[in-house]
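Every number for a ligand or one of its atoms is a count from 1 in the order of the listing.
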Amino acid sequence: MKSYSLSENSSIPALGLGTWKSAQGEVCQAVRTALELGYRHIDCAPAYENEAEIGRALEEGLGAGLCTREELWVTSKLWNNAHGADRVGAALKATLNDLRLDYLDLYLIHWPVVFSRGVFFPRRGEDLIALSVTPIRETWAALEACRQQGLVRHIGVCNFSIKKLEELAQTAVTAPAVNQIELHPLLQQPGMLRYCRAKGIVLTAYSPLGSGDRPAGLKKPEEPSLLGHPVIGEIARKHQASPAQVLLSWGMARETVVIPKSVNPQRLKENLAAAELLLDQDDLARIGVLDQHHRLVDGSFWQAPGSPYTLANLWDEEWDRQWHEQRRGD
Ligand code: A2P
């Protein structure tokens with residue numbers, strides 16, 4: 001399996017199993033099957049409300065000798081209700097307890113968004129706290145402390161703009177190893193890709209298959225289909241591969257990590273085999289022009305009336321655009 005180096009002795013497998021939307025009652029078997037098939041990277045989060053079941057699968061899989069802990073890469077994320085210096089340690093310990101692990105390979109800030117204490121998902125604007133009140137730099141320092149204690153090997157972020165990465169760089173002692181963001185042919189984010197390459201930050205692509213099983217509230221009418229896209233279909237037929245394999249191979253060709261979710265044994269197998277599919281320059285060029293800057297997970301759920309978060313200050317797209325503009329020709 002291809003992997004990307006994060007430090008001298010450590011590299012992250014280019015393909016992992018996503019577990020967002022993997023329901024309780026089926027995720028344990030899915031993770032167990034994935035380990036049997038050869039997956040060595042599992043992407044988790046307490047927000048997915050299934051870590052305890054994943055922990056059971058990891059314990060069983062490791063106990064059965066499917067792989068060693070050292071051969072396995074486990075990522076989890078700090079949920080939005082646990083930002084702030086005094087809350088990170090307890091949140092991480094709860095995740096380690098649920099996953100039945102002594103340490104994580106990677107711990108990410110799930111969103112640059114803060115909830116009030118005790119809120120699992122916000123219903124009113126007051127449930128959300130501004131970053132000026134609970135700054136990322138304080139939460140990050142707490143993640144750095146967890147790393148010092150050996151509870152996590154690497155730390156990183158999700159859903160961060162270039163602006164927020166630049167701000168973090170001003171105070172961080174340890175730079176983020178990873179930024180996990182939505183990436184697929186309809187949302188290619190070339191500026192972020194260039195930026196992260198230059199800074200040595202690995203990008204992980206979430207929703208690489210278009211997350212067709214995301215909640216109805218996250219869907220808009222007449223959204224374009226990724227798995228059903230005619231160009232993806234043509235390239236798949238050319239290589240006698242599936243559309244999902246083309247999407248995943250494209251992500252890996254860009255040196256991003258892909259974390260497709262499946263709970264189906266056949267599709268788990270198919271997705272892992274995407275690591276063997278090599279697209280050619282013509283395929284990459286045809287996919288390259290499909291970008292529509294279309295977000296499937298657009299963050300509008302953090303915008304309840306009275307919330308300090310807007311799509312403009314969440315994604316910072318205008319700031320990032322100007323940042324690139326100023327450096328054009330450098
Ligand atoms: P299932 O879990 O039943 O396999 P994403 O990773 O972008 O969030 O997409 C996950 C969705 O894609 C799920 O609905 C998942 O269904 C489906 N899926 C996963 N692998 C494949 C595949 N190889 N072909 C078609 N659909 C897939």
Are [X] and [Y] packed together at the side-chain level, in the sense that at least one heavy-atom pair is separated by less than 4.5 angstrom?
| X | Y | result |
| --- | --- | --- |
| Ile232 | Ile287 | yes |
| Trp319 | Asn313 | no |
| Ser7 | His154 | yes |
| Gln188 | Trp250 | yes |

Could you pull out the N/O contacts under 3.5 angstrom between ligand 1 and the surrounding protein atoms?
from     : atom 1 : to     : atom 2 : distance (Å)
ligand 1 : 2 (O)  : Lys261 : NZ     : 2.7
ligand 1 : 2 (O)  : Val263 : N      : 3.0
ligand 1 : 3 (O)  : Arg267 : NH2    : 2.8
ligand 1 : 4 (O)  : Ser262 : OG     : 2.6
ligand 1 : 4 (O)  : Arg267 : NE     : 2.6
ligand 1 : 4 (O)  : Arg267 : NH2    : 3.4
ligand 1 : 6 (O)  : Lys261 : N      : 2.8
ligand 1 : 7 (O)  : Pro208 : N      : 3.4
ligand 1 : 7 (O)  : Leu209 : N      : 2.9
ligand 1 : 7 (O)  : Gly210 : N      : 3.2
ligand 1 : 7 (O)  : Ser211 : N      : 2.9
ligand 1 : 7 (O)  : Ser211 : OG     : 3.4
ligand 1 : 8 (O)  : Lys21  : NZ     : 2.9
ligand 1 : 8 (O)  : Ser211 : OG     : 2.5
ligand 1 : 14 (O) : Asp213 : OD2    : 3.4
ligand 1 : 20 (N) : Asn271 : ND2    : 3.0
ligand 1 : 23 (N) : Glu270 : OE2    : 3.0
ligand 1 : 23 (N) : Asn271 : OD1    : 2.8

Tell me if the centroids of the rings in Phe115 and Trp302 come within less than 6.0 Å of each other.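 Yes.
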Residues which pass side-chain contact (heavy atoms from CB on, under 4.5 Å) with Ser132, listed by chain and number, not counting sequence neighbours: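 With neighbours one apart ignored, the set is Ala130.
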